[in-house]
Amino acid sequence: NCAWCENGMGPLGQDLKPALSGWGVHPPPLIEPLLCYWKATGDPEALAFAKAFAKGIMTHARPGNVVQINPDGSFSGHMHATLHAMWGITRLGIETRDPQYIEFTRPICNFILSKHSAFTGWIHEAVTPTADSVCNSGETCGTADMMSLVAWLAQADSFMPDQHFADYYDHLERYMRNYIAPTQFFI
């Protein structure tokens, strides 16, 4: 089974029909909350729904001009809007110990690390600049998404040994030390 939302992560009107928005092209970040619900309740339908959403993203099931992940991990669009859904897929792989989810998201992480991150924790706002994006700006939410992605990927080392997943902890530490900690303030 696979699932997708007709309007992606775009808004719905009061009539529960998709409203016009540029956010509709991005995959909705539903997998992580479904996993939280599953972990809290043990409800097998929540886990099945999370797997169906992951499969929908992984197999490009959603029709139309929407953000799709290429085999090399590349994609276009807004960084946070896309990565938030991707680290949910990574967590799904850890929680179920199913390598297919890890193998899908690892190239995404490596794409961001090689093309859109200064390796300091600063993450580009958009992979492909649009009229609404500021090309040389970063967003802390994108950094937080990458921290979640690398933290979950690093845990794959426990059941996928010899693939250097624990190396991703270096990025987590670097993002915390170089970006998150210096941006905090005290009153």
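The chain is numbered in sequence order, starting from 1.
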Can [Y] be reached from [X] by stepping across I, L, V, M, F, W or Y side chains whose heavy atoms are under 4.5 Å apart?
X	Y	answer
Ile108	Val66	no
Ile69	Trp23	no
Val67	Trp4	no

Problem set entry | Full working for side-chain contact (heavy atoms from CB on, under 4.5 Å) between Lys51 and Ile31 | CA-CA 8 Å; Lys51 288 179 178 181; Ile31 298 165; over 6 Å; no
Can you tell me if [X] uses its side chain to pair, donor with acceptor, with the backbone of [Y] under 3.5 Å?
X	Y	answer
Asp157	Pro161	no
Ser114	Phe111	yes
His26	His78	yes
Thr105	Ile89	no

Going by heavy atoms in the side chains, are [X] and [Y] under 4.5 Å from each other?
X	Y	value
Leu153	Ile94	no
Asn110	Tyr168	yes
Arg91	Lys39	yes
Leu34	Tyr37	no
Met160	Glu103	yes
Ile112	Met79	yes
Phe75	Val127	yes
Ile57	Phe104	yes

Shortest non-hydrogen contact from [X] toward [Y]:
X	Y	result
Pro71	Pro107	O-CB, 4.1 Å
Met146	Ile123	CG-CD1, 3.7 Å
Ser21	Pro11	CB-CD, 3.2 Å
Asn7	Ala19	ND2-O, 3.6 Å
Met9	Ala81	SD-CB, 3.6 Å
Leu35	Ala50	CD2-CB, 4.3 Å

Reported [atom1]-to-[atom2] distance for the pair [X] and [Y], which is rounded to 0.5 angstrom:
X	Y	atom1	atom2	result
Glu95	Cys36	CD	SG	8.5 Å
Lys17	Leu12	NZ	CG	11.5 Å
Cys5	Phe53	SG	CZ	3.5 Å
Glu139	Leu83	CD	CG	10.5 Å
Leu47	Leu92	CG	CG	6.5 Å
Cys109	Trp152	SG	CH2	15.0 Å

With a sphere of 6.0 Å drawn around [atom1] of [X], does it hold more than 12 non-hydrogen atoms of other residues, nucleotides or ligands?
X	atom1	value
Arg97	CZ	yes
Asn1	CG	no
Glu173	CD	yes
Tyr169	OH	yes
Asn65	CG	no
Glu6	CD	no

Would [X] and [Y] count as having a side-chain donor-acceptor pair, cut-off 3.5 Å?
X	Y	answer
Thr120	Tyr175	no
Arg174	Tyr179	no
Asp43	Trp38	no

Exercise. In chain order, what residues pass the side-chain contact (heavy atoms from CB on, under 4.5 Å) check against Asp167, with sequence neighbours excluded?
Worked result: His164
For this session: Determine, stepwise, if the pair Thr143 / Trp122 fulfils side-chain contact (heavy atoms from CB on, under 4.5 Å).
Result: CA-CA 6 Å; Thr143 300; Trp122 182 89; 5.7 Å; no
Exercise. When the ring planes of His84 and Trp87 are compared, do they come out parallel, tilted or perpendicular, using 30° and 60° as the limits?
Worked result: perpendicular
